[in-house]
Amino acid sequence: MKERLVTIFFALLLAVNLTLPVFAADDIPRLVDEADLLTDDEETSLLGQLDEISERQQVDVVVVTINSLEGAGVAEYADDFFDYNGYGYGEGRDGILFLISMEERDWYISTRGFGITAVTDAGIEYMSGKFLDDLGAGEYAAAFTTFAGLCDDFITQAMTGEPYDVDNLPKEPFEFVFSLIIALGVGFIVSLIATGIMRSQLKSVHSQSGAGEYVKKDSMKLTKEGELFLYKHVDRRERPKENDSDNSNSSGGSTTHTSSSGATHGGGGGKF
């Protein structure tokens with residue numbers, strides 16, 4: 001009887017362990033580099049970044065590289081990889097997965113749970129503008145590092161109740177503004193120097209109190225006066241158009257779909 005109870009206990013323990021990956025994202029690698037795009041050092045560094053962000057934010061941030069989609073669509077593959085490998089925190093399975101397929105050079109970001117709120121359609125477009133150049137140049141570690149950092153920023157922003165979206169995307173870096181100010185300052189100084197040189201060449205010219213002072217006496221005599229209409233100016237303004245209620249992108253947010261597991265996902269992707 002005692003041996004039978006021990007057998008039942010271990011059977012129950014095994015059953016519990018088999019279900020843990022669905023709920024315990026900490027036991028699943030957040031970096032899967034099947035396409036072998038990263039060096040060992042790059043993998044270690046990136047995995048550490050992904051783990052730190054995911055555990056601190058309680059939202060899984062995952063990077064997956066593969067050689068082929070094996071006939072599946074890129075969105076379908078990314079969603080299924082997320083769902084069937086047990087990624088995601090909490091009941092909502094909150095997470096963001098970045099998939100790269102080298103066969104046709106596809107990329108896709110799949111979101112679930114709070115990830116859908118944090119990374120909107122406009123957010124995905126913004127992100128891609130930051131990492132696509134590195135992907136195209138084969139700088140994969142840089143692209144994935146940028147993606148992870150952006151996810152961290154987007155999740156933090158969404159937790160304040162105002163996710164980055166169409167009318168609320170991240171501002172340009174301070175370095176750009178600073179460079180612009182320097183450029184304008186240099187241009188202003190150069191223009192002052194140029195106008196100073198030109199003014200110094202007009203020492204023989206003195207300003208007069210009236211226009212008549214510039215005309216030589218008795219050099220001009222009017223024999224006829226009249227008025228001539230030369231042109232007219234008309235301002236035209238376009239009549240405001242009614243909002244198109246069918247345009248889903250104008251209101252922002254995330255477009256969602258249902259994966260093969262029946263879960264709701266957001267996301268978007270393209271080629272690199």
Side-chain angles (χ1 to χ4, degrees), residues 17-66 74-75 77-101 107-121 123-124 126-128 130-131 134-135 139-165 170 254 256 259 261 263-269:
N17 286 335
L18 289 175
T19 61
L20 280 178
V22 176
F23 304 101
D26 289 343
D27 297 332
I28 305 169
R30 296 185 176 93
L31 172 61
V32 180
D33 186 21
E34 291 184 3
D36 197 24
L37 303 181
L38 304 173
T39 65
D40 291 344
D41 289 342
E42 289 171 341
E43 285 187 7
T44 300
S45 177
L46 178 60
L47 181 57
Q49 182 186 19
L50 294 173
D51 285 342
E52 191 280 325
I53 294 171
S54 300
E55 292 162 14
R56 171 167 46 83
Q57 298 281 23
Q58 296 291 285
V59 178
D60 262 335
V61 180
V62 183
V63 172
V64 179
T65 75
I66 58 175
V74 64
Y77 196 106
D79 293 344
D80 287 349
F81 198 99
F82 186 104
D83 294 340
Y84 294 115
N85 284 287
Y87 292 112
Y89 270 93
E91 294 182 1
R93 302 281 296 278
D94 306 329
I96 307 163
L97 183 144
F98 186 20
L99 173 71
I100 295 294
S101 175
W107 68 270
Y108 193 85
I109 294 175
S110 176
T111 58
R112 183 171 172 180
F114 189 72
I116 298 175
T117 300
V119 183
T120 63
D121 294 347
I124 291 174
Y126 176 88
M127 284 185 172
S128 67
K130 300 299 181 182
F131 61 64
D134 285 331
L135 281 184
E139 300 291 339
Y140 301 111
F144 299 149
T145 298
T146 298
F147 162 76
L150 287 170
C151 286
D152 193 9
D153 293 341
F154 273 59
I155 293 168
T156 298
Q157 177 68 19
M159 287 181 175
T160 69
E162 298 182 4
Y164 286 130
D165 208 343
S254 295
T256 59
S259 67
S261 70
T264 299
H265 283 262

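At a threshold of 4.5 Å between non-hydrogen side-chain atoms, the residues Q58 and D94 do not count as touching. In this structure, L135 and I100 have side chains that are in contact, with non-hydrogen atoms separated by less than 4.5 Å. Put simply, the side chain of W107 reaches to within 4.5 Å of the side chain of S128, judged on heavy atoms.
Using a distance-only test at 3.5 Å, with no hydrogens or angles considered, a donor-acceptor pair links the side chain of D33 to the main chain of L38. Without hydrogens or angle criteria, D60 side chain to G88 main chain gives a donor-acceptor distance under 3.5 Å. Not a single donor-acceptor pair under 3.5 Å links the side chain of S54 to the backbone N or O of D51. Panel note: side chain Y87, backbone P29; a donor-acceptor pair is recorded below 3.5 Å.
Rounded to the nearest 0.5 Å, atoms OG1 (T146) and CD (E139) are 10.5 Å apart. Rounding to the nearest 0.5 Å gives a distance of 7.0 Å between CG of L97 and CZ of F82.
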- Could you check I96 against I155 for side-chain contact (heavy atoms from CB on, under 4.5 Å), going step by step and ending with a plain yes or no? CA-CA 10 Å; I96 307 163; I155 293 168; 4.1 Å; yes
- Task: Mind running side-chain contact (heavy atoms from CB on, under 4.5 Å) on L99 and V74 for me, showing each step along the way?
- Result: CA-CA 8 Å; L99 173 71; V74 64; 4.0 Å; yes
- Task: In sequence, state the C-alpha distance, the side-chain angles, and the governing distance for L50 and V63, and then conclude on side-chain contact (heavy atoms from CB on, under 4.5 Å).
- Result: CA-CA 8 Å; L50 294 173; V63 172; 4.0 Å; yes
- Message: Under the criterion side-chain contact (heavy atoms from CB on, under 4.5 Å), I'd like the reasoning laid out for E34 against V64: C-alpha separation, chi angles, the key distance, then a yes or no.
- Response: CA-CA 8 Å; E34 291 184 3; V64 179; 5.8 Å; no
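Considering only residues two or more places apart in sequence or on other chains, F98 meets the ring pair (Phe, Tyr, Trp, His ring centres under 6.0 Å) condition with F131, F144, F147. Looking at residues two or more places apart in sequence or on another chain, you find a side-chain contact (heavy atoms from CB on, under 4.5 Å) between T264 and I116, T256. Remark: Y164 pairs with F154 by the ring pair (Phe, Tyr, Trp, His ring centres under 6.0 Å) rule, at least two apart or across chains. D83 pairs by the side-chain hydrogen bond (donor to acceptor under 3.5 Å, both in side chains) definition with R112, S259, S261, H265, not counting sequence neighbours. Residues satisfying the side-chain hydrogen bond (donor to acceptor under 3.5 Å, both in side chains) test with S101, not counting sequence neighbours, are none.
Residues Y108 and G267 share a closest heavy-atom pair of OH-C, 3.5 Å. V119 approaches S254 most closely through the heavy-atom pair O-OG, 3.4 Å. Contact detail for A148 and I53: the closest heavy-atom pair is O-CD1, 3.4 Å. The two residues A35 and T65 make their nearest non-hydrogen contact at N-OG1, 3.2 Å.
Look at R30 and E55 and you find a salt bridge, because one of the NZ, NE, NH1 or NH2 atoms lies within 4.0 Å of a carboxylate O, short of that distance.
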Ignoring hydrogens and angles, write down the donor-acceptor pairs under 3.5 Å from the side chains of residues 39-48, residues two or more places apart or on other chains.
unit_1: T39; atom_1: OG1; unit_2: E42; atom_2: N; d: 3.1
unit_1: T39; atom_1: OG1; unit_2: E42; atom_2: OE1; d: 3.4
unit_1: E42; atom_1: OE1; unit_2: T39; atom_2: N; d: 2.9
unit_1: T44; atom_1: OG1; unit_2: D40; atom_2: O; d: 3.0

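With D152 as the partner, the side chain to side chain donor-acceptor pair (under 3.5 Å) test is satisfied by one option alone out of Q49, Q57, Q157: Q57.
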